[in-house]
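What follows is a set of notes on a single structure, which appears directly below.
A quick note: this is a predicted structure, and the numbers were derived from the prediction, not measured.
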Amino acid sequence: MKVTIIGSGYVGLVTGACLAEQGNNVFCLDLDPKKIEILNSGGVPIYEPGLKEMIERNRAAGRLHFSTDIAASVAHGDIQFIAVGTPPDEDGSADLQYVVAAARNIGRNMTTAKVIVDKSTVPVGTADKVTAAIKEELVKRKIDPELCSVVSNPEFLKEGAAVEDFMRPDRIVIGTESSPAGLHAKEEMRKLYAPFNRHHERTYYMDVKSAELTKYAANAMLATRISFMNELANLADLVGADIEAVRQGIGSDSRIGYGFLYSGTGYGGSCFPKDVSALSKTAIEYGRDLKILDAVEAVNEAQKYTLVEKIEKRFGKDLAGKKFALWGLAFKPNTDDMREAPSRVIIQELVKRGAQVVAYDPVAMNEARHCLDVDFKGNPAGLKQVTLVDDYMVAIDDCDALVIVTEWKAFRSPDFEVVKQKLKHPIIFDGRNLYEPQAMTELGIEYQGIGRHN
């Protein structure tokens with residue numbers, strides 16, 4: 001099938017590459033010429049395991065193309081995926097300007113029937129706006145406005161495992177209209193996703209608004225579990241309980257399960273923060289106040305300061321003359337995404353208290369440099385207190401303590417004797433609970449996790 005992907009960012013690239021992998025002829029559009037130049041020269045502008053190899057394979061096979069040509073992109077695909085960004089607006093709601101602009105470009109250039117698919121994470125009612133924008137452009141051109149049908153097909157991709165998630169989905173959600181055009185769109189989507197349903201049916205068909213809400217509801221539920229466990233972890237610290245034992249105890253209940261019950265420094269990235277906020281704003285537009293989600297956001301924001309509070313309690317409020325090694329900068333492992341990353345808050349707060357920070361991340365170093373420039377734009381002196389190094393064991397040289405922020409596999413089994421030798425004080429502040437407190441005690445390391453103690 002001929003497919004166009006509008007937006008060659010995270011979702012667009014993964015969607016385009018995976019659909020091409022299934023034999024479809026895919027045209028990826030982006031209005032950023034630098035991004036297209038990178039892709040056409042064999043590079044990939046984001047880090048995602050397995051994505052670069054898949055793109056190379058399908059470009060070589062002639063099934064995957066990258067361009068800035070809007071007219072060519074609309075002419076190419078019978079199915080047009082809109083996968084542009086939906087950044088948070090000033091009030092926390094989703095900014096739909098890029099989605100609507102993409103829709104208008106389709107309406108200005110289409111001459112035959114098209115299925116338009118909202119792949120971007122968008123609030124309830126977006127499909128109506130996309131439909132209105134396309135039909136308005138078609139009417140201007142005296143073309144039958146019923147040639148288009150808008151589908152909601154939200155993505156459920158975990159950064160760091162997105163290719164695997166797309167190729168072996170646990171569910172595919174498709175929302176369509178009940179009109180003749182909608183029924184045609186449903187059939188086209190069924191054919192497109194048929195290869196992903198060979199072993200068993202994974203597709204859930206529903207109305208458009210239900211599909212739009214499903215995406216936000218899923219992310220809000222996962223974010224809620226994270227904030228809930230962080231609240232319990234903070235209580236565990238106070239009462240002397242072990243949150244890991246608690247996690248296993250409640251996770252063994254089949255009604256609860258183990259997923260997303262890990263305490264830490266709070267969630268970040270491009271999805272949970274903006275999606276929880278956008279869902280709350282949608283509710284407000286309809287006169288409802290989602291109190292649980294307001295609490296989830298508040299807990300998560302406060303959780304980003306937890307490690308700093310532990311450091312302050314141990315070393316005092318004035319950290320001048322102190323130096324801390326920080327392992328992990330990306331908001332989670334297997335990605336270079338620094339959006340809403342807890343590491344950014346931790347670094348700024350340590351610097352504010354006078355500390356020096358030496359940081360390392362396996363893949364996010366370039367993105368970290370850019371983010372630090374933004375975070376310290378008004379404080380160039382503070383930026384000089386932060387050093388990025390290319391080796392995590394070098395980072396701990398002559399530091400007062402080690403701070404772990406991201407649970408990269410490389411950090412799980414370091415040579416603790418070397419860690420002790422390099423640190424001024426054998427202290428680890430573990431924001432991801434990578435290590436067992438008792439084992440740290442036996443090694444002579446002071447260990448402070450989240451909801452754990454030694």
Quick one: do the Asp430 and Tyr447 side chains pair a donor with an acceptor below 3.5 Å? yes
Do Arg432 and Thr265 meet the criterion of a side-chain donor-acceptor pair at a distance under 3.5 Å? yes
To the nearest 0.5 Å, tell me how far Ile79 CD1 sits from Phe81 CZ. 6.0 Å
Taking the basic N atoms (NZ, or NE/NH1/NH2) and the acidic carboxylate oxygens, is any pair closer than 4.0 Å for Arg255 and Asp253? yes
Less than 6.0 Å separating the ring centroids of Tyr392 and Phe411? yes
Ignoring hydrogens and geometry, is there a side-chain-to-backbone donor-acceptor pair from Ser227 to Thr224 under 3.5 Å? no
Other residues, nucleotides, ligands: >12 heavy atoms within 6.0 Å of Glu37 CD: no
I want to check a possible cation-pi pair here: Arg171 against Phe156, using under 6.0 Å from ring centre and within 45° of the ring axis as the test. yes
Could you walk me through whether Gln303 and Glu301 pass the side-chain hydrogen bond (donor to acceptor under 3.5 Å, both in side chains) test, one step at a time? CA-CA 5 Å; Gln303 196 67 17; Glu301 189 59 29; over 6 Å; no
side-chain hydrogen bond (donor to acceptor under 3.5 Å, both in side chains) assessment of Arg202 paired with Asn197: CA-CA 6 Å; Arg202 294 180 170 91; Asn197 289 300; 5.2 Å; no
Could you check Lys34 against Asp32 for salt bridge (Lys or Arg N to Asp or Glu O under 4.0 Å), going step by step and ending with a plain yes or no? CA-CA 6 Å; Lys34 291 183 179 179; Asp32 182 350; over 6 Å; no
Taking atom CD1 of Ile292 as the centre, does the number of heavy atoms from other residues, nucleotides or ligands within less than 6.0 Å exceed 12? no
Ion pair present between Asp237 and Arg452, side-chain N to carboxylate O less than 4.0 angstrom? no
Glu407 with Arg412: basic N within carboxylate O range, under 4.0 Å: no
Evaluate the side-chain hydrogen bond (donor to acceptor under 3.5 Å, both in side chains) criterion for residues Gln421 and Glu417: first the C-alpha distance (whole Å), next the side-chain angles of each, then the deciding distance (0.1 Å), finally the verdict. CA-CA 6 Å; Gln421 292 170 14; Glu417 289 302 323; 5.1 Å; no
Look only at the side chain of Arg353 and the backbone of Ala320, and say whether a donor-acceptor pair between them is shorter than 3.5 Å. no
Parallel under 30°, tilted from 30 to 60°, perpendicular over 60°: which one fits the rings of His65 and Phe27? tilted
Using a 3.5 Å distance criterion without hydrogens, assess whether the side chain of Asp400 forms a donor-acceptor pair with backbone atoms of His425. no
Could you tell me how the ring of Phe315 sits relative to the ring of Phe429: parallel (under 30°), tilted (30 to 60°) or perpendicular (over 60°)? tilted
Students often mix this up, so state it plainly: with edges at 30° and 60°, are the rings of Phe416 and Tyr435 parallel, tilted or perpendicular? perpendicular
Sub-3.5 Å donor-acceptor pair from the side chain of Lys215 to the main-chain atoms of Glu155, do we have one? yes
Check whether Asp336 reaches the backbone of Val363 with its side chain - one donor and one acceptor, N or O, closer than 3.5 Å. no
Geometric class of the Tyr193/Phe166 ring pair [parallel <30°, tilted 30-60°, perpendicular >60°]: tilted
Would you say Asn334's side chain and Glu48's backbone share a donor-acceptor pair under 3.5 angstrom? no
Any donor and acceptor pair, going by atom type alone, linking the side chain of Ser263 with main-chain N or O of Met229 inside 3.5 Å? no
Working to the nearest 0.5 angstrom, can you tell me the gap between Glu159 CD and Asp165 CG? 11.0 Å
Would you call Glu285-Lys281 a salt bridge at under 4.0 Å N-O? no
Test log, rule side chain to side chain contact (heavy atoms under 4.5 Å, CB included), inputs Phe331 and Ser343: CA-CA 7 Å; Phe331 87 95; Ser343 64; over 6 Å; no
Between Thr335 and Lys332 (side chain of the first, backbone of the second, donor and acceptor by atom type, cut-off under 3.5 Å), is there such a pair? no
Would you mind checking if Glu212 and Lys209 are paired as a salt bridge, meaning a charged N to carboxylate O distance below 4.0 Å? no
Carefully, step by step, assess Lys52 and Glu56 under the rule salt bridge (Lys or Arg N to Asp or Glu O under 4.0 Å). CA-CA 6 Å; Lys52 188 175 189 296; Glu56 289 176 349; 2.5 Å; yes
To check you understand the geometry: which heavy-atom pair defines the closest contact between Asp30 and Ser8, and what is its length? OD2-N, 2.8 Å
Heavy atoms from other residues, nucleotides or ligands near NZ of Lys384 exceed 12 (cutoff 6.0 Å): no
Just do the side-chain hydrogen bond (donor to acceptor under 3.5 Å, both in side chains) check on Thr86 and Asp95 with the steps written out, would you? CA-CA 5 Å; Thr86 53; Asp95 184 351; over 6 Å; no
Using 4.0 Å as the upper bound for N to carboxylate O, is an ion pair formed by Arg57 and Glu53? no
Can you name the one residue among Ile174, Val173, Thr15, Val208 that meets side chain to side chain contact (heavy atoms under 4.5 Å, CB included) with Asn153? Ile174
Any salt bridge linking Glu340 with Lys304? Criterion: basic side-chain nitrogen under 4.0 Å from a carboxylate oxygen. yes
Could you tell me whether the side chain of Thr4 and the main chain of Ser73 form a donor-acceptor pair under 3.5 Å? yes
Would you check if the side chain of Asn24 reaches a backbone N or O of Met1 as a donor-acceptor pair within less than 3.5 Å? yes
